[in-house]
There are 2 protein chains.
Amino acid sequence: MKSYKDKKVISIGVVSELTGLSERQIRYYEQRQLISPERSKGGTRKYSFMDVERLVEIANKMEDGMQTFEIRKEEKQRANREQVRKKMLRGQLNTAFPNQRK
Amino acid sequence: MKSYKDKKVISIGVVSELTGLSERQIRYYEQRQLISPERSKGGTRKYSFMDVERLVEIANKMEDGMQTFEIRKEEKQRANREQVRKKMLRGQLNTAFPNQRK
DNA sequence: CGTGTAAGGAATTCTGACACG
DNA sequence: CGTGTAAGGAATTCTGACACG
């Protein structure tokens, strides 16, 4: 599943160009935990194309007047629904085919 | 067709890590025209994942004792075959369906 | 031919802070 | 709250050259 899209290889200057956001904004959204880049040994931030897409989404929501904590909450809910969905699917499979793999 | 794979966004330090090649080697292969990164306004090189893949291929061929000019020649031949293939295909299509789109 | 390295300078990025609101 | 900015320093990258072979 891990593809190029998820590799953290892009520096903040390029991300700024790709998204149109200022470096200040990008760092601030990280501080608010909306994104989580990796760091090089020296400490420079590295982003993935996934992060770039996410930043564009964030920028849109900010334009709509949404606040950072709201965006973060929204993201957590999305992640939770994902979790529940998987859990339920697993439960149904276990009911239909009990004793499969252990 | 232009996807993430072709976007020139990776700096030479990261490329070095991804490929295991030294920055010196990477710059040298550019000088020998085996790859062609873009430049930022400030002059720093930017590579794509495609370039990274290409560099790994180059590294393998170098290990096999191939020289840079041979690798470059090989690449040109590949590009030429591609050209010819497309031209022939177009010709056959024109024969089968003449006067289609001008 | 292909690659390492020291050298000096320029571009890039980092953090913490002040400012405005 | 979200963002701009000047400040000082550190990490990153660049070029041209010398070296070896």
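As the structure is a prediction and not an experimental result, all values here were calculated from the model. Letters go in sequence order (proteins before strands), and every chain restarts at 1.
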Would you say a side-chain N or O of [X] is under 4.0 Å from OP1 or OP2 of [N]?
X: B:Y28; N: C:dG4; answer: no
X: A:Y29; N: D:dG2; answer: no
X: B:T44; N: D:dT12; answer: no
X: A:R39; N: C:dT15; answer: yes

Spacing between [X] atom [atom1] and [N] atom [atom2], to the nearest angstrom:
X: B:I12; N: C:dA10; atom1: CD1; atom2: P; answer: 20 Å
X: B:Q25; N: D:dT13; atom1: CD; atom2: C1'; answer: 17 Å
X: A:E23; N: D:dA7; atom1: CD; atom2: C1'; answer: 16 Å
X: B:L21; N: C:dT3; atom1: CG; atom2: P; answer: 8 Å
X: B:E17; N: D:dT13; atom1: CD; atom2: C1'; answer: 14 Å
X: A:I10; N: C:dT12; atom1: CD1; atom2: P; answer: 16 Å
X: B:Q31; N: D:dT15; atom1: CD; atom2: C1'; answer: 11 Å
X: B:I71; N: C:dG2; atom1: CD1; atom2: C1'; answer: 11 Å

Side chains of B:T19 and B:Q25: does their closest heavy-atom pair fall under 4.5 Å?
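No, their side chains stay 4.5 Å or more apart.
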Ring centres under 6.0 Å, that's the criterion: do A:Y4 and B:F49 meet it?
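So the answer is yes for these two rings.
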Consecutive-pair stems (3 or more, Watson-Crick or G-U, under 3.5 Å) for DNA chain D:
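Correct response: C:2-5 with D:17-20, C:17-20 with D:2-5.
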Please give me the minimum heavy-atom distance between B:R32 and B:T68, naming the atom from each residue.
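Heavy atoms of B:R32 and B:T68 come nearest at NH1-OG1, 2.9 Å.
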I need the minimum non-hydrogen distance between A:K8 and A:S36, along with the two atoms involved.
NZ-O, 2.8 Å
When you get a sec, tell me which of C:dT15, D:dG4, C:dG4 is the closest nucleotide to the side chain of A:R27?
C:dT15
Decide salt bridge (charged side-chain N to carboxylate O under 4.0 Å, His left out) for B:K61 and B:E70; before the verdict, give the C-alpha distance in whole Å, the side-chain angles of both, and the deciding distance to 0.1 Å.
CA-CA 10 Å; B:K61 292 180 181 175; B:E70 297 178 288; over 6 Å; no
State which residue, out of B:Q77, B:Q67, B:Q33, fulfils the side chain to side chain contact (heavy atoms under 4.5 Å, CB included) condition with B:R72.
B:Q33
Determine whether any donor atom in the side chain of B:R45 lies under 3.5 Å from an acceptor atom in the base of D:dT13, or the reverse, and answer yes or no.
no
Nearest nucleotide by nearest heavy atom, which residue falls closer to the 5' end of DNA chain D, A:M62 or A:K46?
A:M62
Using heavy atoms to find the nearest nucleotide of DNA chain D for A:G43 and A:F69 separately, return the residue whose nucleotide is more 5′.
A:F69
With salt bridge (charged side-chain N to carboxylate O under 4.0 Å, His left out) as the criterion, how do B:R78 and B:E74 come out once you've worked through the C-alpha distance, each side chain's angles and the decisive distance to 0.1 Å?
CA-CA 6 Å; B:R78 203 196 53 63; B:E74 216 180 55; over 6 Å; no
Of A:R24 and A:S11, the one whose closest DNA chain C nucleotide lies more 5'
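Upstream on the strand: A:S11.
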